Trainee: 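The structure is given below, and queries will be raised subsequently.
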Protein chains: 2
Amino acid sequence: MTPRTDPLTLEVVELIGTVVARYHEEYEHAAAEHALTGAQARVLGLLAREPLPMRRIAQRLKCEPSNVTGIVDRLESRGLVERRPDPADRRVKLAAPTEAGRSTAEELRAALGFAREPLGGLTFAERTVLKELLRRMLGMDAEDDTEDTAGAAGTDPGEGSAPLR
Amino acid sequence: MTPRTDPLTLEVVELIGTVVARYHEEYEHAAAEHALTGAQARVLGLLAREPLPMRRIAQRLKCEPSNVTGIVDRLESRGLVERRPDPADRRVKLAAPTEAGRSTAEELRAALGFAREPLGGLTFAERTVLKELLRRMLGMDAEDDTEDTAGAAGTDPGEGSAPLR
DNA sequence: TATTGTTATACTCTATAACTATA
DNA sequence: TATAGTTATAGAGTATAACAATA
């Protein structure tokens with residue numbers, strides 16, 4: 001509830017704003033390289049993970065379902081996505097990437113170098129600390145910490161994971 | 001140049017994506033509270049710091065100058081911004097916030113609680129570490145570290161500023 | 001001749017409301 | 001009746017190209 005307007009906090013806020021700006025810059029640029037808009041790239045990325053009903057796409061994008069129609073229309077007209085019927089419910093249409101769509105999505109993901117390239121300048125311990133701080137900042141404290149994190153646990157969790165006092 | 005696809009790095013990338021998403025969510029929400037679009041809020045925020053020629057606004061927004069005309073038009077029609085002539089060059093028009101615009105910009109800034117509220121859960125030392133890591137990530141290493149940081153230096157820079165190895 | 005801001009045009013994203021076909 | 005997807009419509013952001021005023 002406390003406002004928190006000390007210089008250090010304000011500087012961190014400023015830095016986060018810069019991170020956000022650069023992230024978007026790189027994202028839009030990567031999408032444009034494939035002649036896609038940001039929204040189209042986002043939907044293609046979602047579908048590359050798993051086919052989704054139109055309704056679900058709208059929920060992920062936090063927009064009205066009517067907008068998804070046009071976005072998928074454009075992706076479909078370019079042969080990157082196709083609409084398939086849902087056997088379980090004839091009202092829903094599942095949007096799924098074509099083969100071309102899958103490879104485009106993969107290239108897009110690979111081009112999104114942000115935070116992967118710059119992260120290279122950080123040591124393993126530093127990346128671990130950064131992960132912890134971001135998680136706490138996002139209110140993900142110690143909840144469900146038992147997924148892909150396990151894979152990296154065997155190397156050197158040591159004081160990197162400590163609360164830092 | 002190394003791709004960096006280890007689980008830890010990927011998790012940090014994922015977290016940064018989440019931070020970006022939440023930042024935008026809060027930004028758009030704060031803007032909507034004042035019946036402003038994201039672009040309008042961004043321009044108003046820029047002008048609250050200092051009046052700018054149309055051309056400069058476009059550069060800050062990384063968009064074409066022709067787009068700024070419409071955005072400023074809408075802000076002007078709502079009495080939040082006004083266009084003033086530049087005495088030095090009669091071609092340029094300086095966009096400046098009105099009194100109402102300034103107060104709206106201030107309310108907007110205050111409402112942008114993200115990273116200020118959640119940052120409250122971090123200790124001073126943790127915020128210092130986060131600041132350092134973000135700066136390194138953004139390639140701002142030790143360059144010009146002699147500004148507002150000085151104000152907070154008297155408390156406990158200690159190992160918080162250390163490279164952490 | 002170059003630059004600043006604008007207009008005109010076209011496309012995409014967005015929300016709202018009404019429609020259809022299913023359920 | 002309720003839900004999934006679509007269509008229609010209108011407003012806003014975006015890029016491109018052409019233009020007037022000024023430098």
Side-chain angles (χ1 to χ4, degrees), chain A residues 21 24-47 51-78 80-96 108, chain B residues 21 24-25 27-47 51-78 80-96:
Chain A
H24 261 89
E25 214 175 305
E26 293 207 14
Y27 195 93
E28 295 291 327
H29 182 266
E33 291 273 295
H34 293 269
L36 293 171
T37 65
Q40 288 164 8
R42 223 166 303 131
V43 169
L44 187 57
L46 282 177
L47 301 183
L52 292 172
M54 305 296 281
R55 213 85 186 178
R56 295 290 303 273
I57 299 176
Q59 292 168 344
R60 298 293 193 85
L61 259 54
K62 293 186 204 301
C63 75
E64 294 302 312
S66 61
N67 302 323
V68 180
T69 299
I71 298 173
V72 170
D73 277 353
R74 281 158 222 130
L75 288 170
E76 194 167 31
S77 75
R78 290 190 39 191
L80 299 174
V81 157
E82 64 180 5
R83 275 178 249 235
R84 304 196 300 224
D86 182 340
D89 187 336
R90 290 196 303 177
R91 289 175 304 181
V92 352
K93 290 177 188 171
L94 291 165
L108 250 161
Chain B
H24 260 91
E25 216 175 304
Y27 195 93
E28 295 291 327
H29 182 265
E33 291 273 295
H34 293 269
L36 292 171
T37 66
Q40 287 164 11
R42 222 166 303 131
V43 169
L44 187 56
L46 282 177
L47 300 183
L52 291 172
M54 306 297 280
R55 212 86 186 176
R56 295 290 302 275
I57 299 176
Q59 291 168 345
R60 297 293 193 86
L61 259 53
K62 291 185 204 304
C63 74
E64 294 303 312
S66 61
N67 302 323
V68 180
T69 299
I71 299 173
V72 170
D73 277 353
R74 282 158 220 130
L75 287 171
E76 193 167 30
S77 75
R78 289 191 39 192
L80 300 174
V81 158
E82 65 180 4
R83 275 179 249 235
R84 303 196 300 225
D86 182 340
D89 187 336
R90 290 195 305 176
R91 289 174 304 180
V92 351
K93 290 178 188 169
L94 290 165

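A quick note: this is a predicted structure, and the numbers were derived from the prediction, not measured. Note on naming: letters A, B, ... go to the chains in the order of the sequence lines (proteins, then strands), and numbering restarts at 1 for each one.
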Trainee: Any chance you could lay out the side chain to side chain contact (heavy atoms under 4.5 Å, CB included) test for B:H24 and A:H24, step after step, and finish with the verdict?
Mentor: CA-CA 10 Å; B:H24 260 91; A:H24 261 89; 2.9 Å; yes
Trainee: If you take all heavy atoms of A:L47 and A:A95, which pair is closest and at what distance?
Mentor: CD2-O, 3.5 Å
Trainee: Whole-Å distance between C:dT3 P and B:R56 CZ?
Mentor: 16 Å
Trainee: I'd like a list of close polar pairs between nucleotides 18-23 of chain C and the protein, N/O only, cut-off under 3.5 Å.
Mentor:
unit_1	atom_1	unit_2	atom_2	d
C:dA23	OP1	A:R90	N	3.0

Trainee: Identify the heavy atoms of A:K62 and B:E25 that sit nearest to each other, and give their distance.
Mentor: CE-OE1, 3.3 Å
Trainee: Per the side-chain hydrogen bond (donor to acceptor under 3.5 Å, both in side chains) rule, what does the pair list look like for residues 84-96 of chain B, sequence neighbours excluded?
Mentor: B:D89-B:R91
Trainee: Restricting to salt bridge (charged side-chain N to carboxylate O under 4.0 Å, His left out), what partner residues turn up for A:E64, sequence neighbours left out?
Mentor: none
Trainee: Apply side-chain contact (heavy atoms from CB on, under 4.5 Å) to B:H29 and list each qualifying residue two or more places apart in sequence or on a separate chain.
Mentor: B:E33
Trainee: Please enumerate all residues that pass side chain to side chain donor-acceptor pair (under 3.5 Å) together with B:D73, with sequence neighbours excluded.
Mentor: B:R83
Trainee: Tell me the interatomic distance from B:R84, atom CZ, to C:dG5, atom P, rounded to whole angstroms.
Mentor: 14 Å
Trainee: Take the C1' atoms of the five end pairs on each side of the helix from C:dT1-D:dA23 to C:dA23-D:dT1, derive the two axes, and give their angle rounded to 10 degrees.
Mentor: 10°
Trainee: For B:H34, what residues pass the ring pair (Phe, Tyr, Trp, His ring centres under 6.0 Å) criterion, not counting sequence neighbours?
Mentor: none
Trainee: List every contact pair, protein side and nucleotides 6-13 of chain C side both N or O, where the distance is under 3.5 Å.
Mentor:
unit_1	atom_1	unit_2	atom_2	d
C:dT6	OP1	B:R83	NH1	2.5
C:dT6	OP1	B:K93	NZ	3.4
C:dT6	OP2	B:T69	OG1	3.0
C:dT6	OP2	B:R83	NH1	3.3
C:dC13	OP1	A:T37	OG1	2.4
C:dC13	OP2	A:R74	NH1	2.0

Trainee: Could you tell me the separation between the CG atom of A:D86 and the P atom of D:dG5, rounded to a whole number of Å?
Mentor: 9 Å
Trainee: Taking atom P of D:dG5 as reference, at what distance in whole Å does atom CD of A:E64 sit?
Mentor: 14 Å
Trainee: Is any side-chain heavy atom of B:V43 closer than 4.5 Å to a side-chain heavy atom of B:V81?
Mentor: no
Trainee: Could I get the full list of side-chain contact (heavy atoms from CB on, under 4.5 Å) partners for B:R56, not counting sequence neighbours?
Mentor: B:L52, B:P53, B:Q59, B:R60
Trainee: Which whole-number value in Å describes the distance from B:L36 CG to C:dT14 C1'?
Mentor: 16 Å
Trainee: Using a 4.5 Å cut-off on heavy atoms from C-beta on, say whether the side chain of A:N67 contacts that of A:L61.
Mentor: no
